[in-house]
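Okay, structure first, notes after.
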Amino acid sequence: MGKAVLHYTNGRGRAEKIRWMLAACGIDFDESFISTKADFQRRVAEGLYLFKQVPLLEIDGLRIVQTGSILRYLGHKGGLMGENDTERALVDMYTEGIQDMSIPGLAYAFKPDKAQFWLESKETLGTKYFSVYENILQTTNNGHLVGNKQTMADVLLFESFVHYLHIDKDVLNDYPNLQKFMASQKEIPWVQKFLQPGTNRKPFPDEKYVAMVTEIFFS
Ligand SMILES: N[C@@H](CCC(=O)N[C@@H](CS)C(=O)NCC(=O)O)C(=O)O
């Protein structure tokens with residue numbers, strides 16, 4: 001079987017969580033970057049993308065689209081979905097919450113008035129999501145959202161807060177369990193390695209990236 005290939009633009013967006021899950025599974029992968037609208041349209045015309053959308057992950061002879069489906073495929077493959085039906089339901093539910101929680105973080109770079117947008121988003125994120133994960137970690141009290149080892153929910157929560165901490169370094173000030181969680185996840189050898197420069201992680205989106213994405217998908 002050939003090497004896995006992730007199709008997306010050369011930036012975070014919906015693909016960054018997939019990159020983190022590939023790293024969590026120890027899967028080496030290539031990336032096929034879409035860089036212009038014409039390039040995207042050519043790929044769509046070739047029938048590469050089932051719903052004419054990316055991300056797409058080519059893996060194990062499959063072409064998987066839909067971010068959630070890709071993440072769950074990797075979660076199962078890497079044994080990161082929990083140990084029983086109850087844990088699997090919790091991992092799935094917390095993951096969906098993390099995806100929803102991440103939306104303002106993804107939108108942030110595209111907003112003309114970033115300070116105002118963050119001011120408006122921060123409070124809702126806090127009451128709706130940050131405090132929920134804070135309380136879950138208080139209850140489990142073992143540094144994991146589910147069970148007693150790292151699951152997909154831990155990986156994706158960590159990724160989301162790496163992004164939010166870039167937007168606002170004080171975002172976790174009121175959440176001691178989330179702070180502890182971030183510190184303990186960082187100690188996990190593969191996480192430590194993936195955080196080093198030169199891995200498949202992508203930088204926080206800059207103006208150039210925003211302009212490219214706008215041209216490809218929104219023009
Ligand atoms: N439900 C899909 C949505 C994917 C999606 O909207 N991708 C954008 C890029 S981030 C895209 O390909 N847009 C082009 C289009 O929808 O025509 C998923 O979660 O993967």
Side-chain angles (χ1 to χ4, degrees), residues 4-25 27 29-78 80-81 88-89 91-112 114 117 121 125 128-129 151-153 155-164 166-167 200-219:
V5 183
L6 177 63
H7 293 236
Y8 202 69
T9 49
N10 187 6
R12 288 188 181 175
R14 291 177 201 266
E16 194 69 354
K17 287 185 172 58
I18 298 170
R19 297 185 183 105
W20 273 91
M21 281 299 289
L22 284 159
C25 295
I27 297 171
F29 63 102
D30 287 329
E31 299 202 54
S32 178
F33 295 128
I34 297 159
S35 51
T36 62
K37 190 173 183 72
D39 179 22
F40 182 55
Q41 284 172 337
R42 180 184 54 75
R43 292 161 184 246
V44 166
E46 279 173 15
L48 210 48
Y49 307 137
L50 188 63
F51 301 116
K52 302 178 171 43
Q53 290 176 329
V54 284
L56 160 77
L57 182 66
E58 297 186 71
I59 189 167
D60 302 335
L62 297 166
R63 277 185 179 161
I64 313 178
V65 292
Q66 293 293 353
T67 311
S69 308
I70 298 169
L71 293 174
R72 278 187 291 276
Y73 182 83
L74 294 171
H76 287 296
K77 204 173 160 65
L80 294 160
M81 292 302 281
R88 279 187 281 277
V91 169
D92 201 27
M93 184 169 81
Y94 295 163
T95 295
E96 288 297 311
I98 294 160
Q99 288 287 37
D100 290 348
M101 177 184 107
S102 302
I103 292 169
L106 293 180
Y108 175 85
F110 293 81
K111 298 290 173 187
K114 294 182 176 43
F117 177 71
S121 306
L125 280 169
K128 226 173 151 184
Y129 298 106
T151 65
M152 174 161 79
V155 175
L156 301 187
L157 188 70
F158 183 79
E159 186 278 338
S160 194
F161 278 119
V162 166
H163 193 81
Y164 276 124
H166 186 102
I167 293 173
N200 291 88
R201 285 180 66 218
K202 299 295 175 262
F204 195 86
D206 60 13
E207 279 177 21
K208 205 170 147 209
Y209 178 73
V210 166
M212 180 183 75
V213 168
T214 306
E215 192 256 337
I216 297 173
F217 300 119
F218 307 120
S219 70

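Every number for a ligand or one of its atoms is a count from 1 in the order of the listing. Computed from a predicted structure; not experimentally measured. Position 1 is the first residue of the sequence, and the numbers go up from there.
Scanning for ring-ring contact (aromatic ring centres under 6.0 Å, His included) contacts around Y49 gives H7, with sequence neighbours left out. Legend: residues meeting side chain to side chain contact (heavy atoms under 4.5 Å, CB included) with R63, ordered by chain and number and at least two apart, are L48, L56, E58.
Among residues at least two apart or in separate chains, side-chain hydrogen bond (donor to acceptor under 3.5 Å, both in side chains) pairs with a member in residues 207-219 are T9-Y209.
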Exercise answer, ligand 1 polar atom pairs (N/O) under 3.5 angstrom:
| residue | atom | partner | partner atom | Å |
| --- | --- | --- | --- | --- |
| ligand 1 | 1 (N) | Q66 | OE1 | 2.7 |
| ligand 1 | 6 (O) | R14 | NH2 | 3.3 |
| ligand 1 | 6 (O) | Q53 | NE2 | 3.4 |
| ligand 1 | 7 (N) | V54 | O | 2.7 |
| ligand 1 | 12 (O) | V54 | N | 3.0 |
| ligand 1 | 16 (O) | Q53 | NE2 | 3.0 |
| ligand 1 | 19 (O) | T67 | N | 3.4 |
| ligand 1 | 19 (O) | T67 | OG1 | 3.0 |
| ligand 1 | 20 (O) | T67 | N | 3.0 |
| ligand 1 | 20 (O) | T67 | OG1 | 2.8 |

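Between E31 and R19 there is a salt bridge, with a side-chain nitrogen of the basic residue lying less than 4.0 Å from a carboxylate oxygen of the acidic one.
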Could you walk me through whether T151 and Y94 pass the side-chain contact (heavy atoms from CB on, under 4.5 Å) test, one step at a time?
CA-CA 11 Å; T151 65; Y94 295 163; over 6 Å; no

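Surrounding NZ of K114 are more than 12 heavy atoms belonging to other residues, nucleotides or ligands, all under 6.0 Å away.
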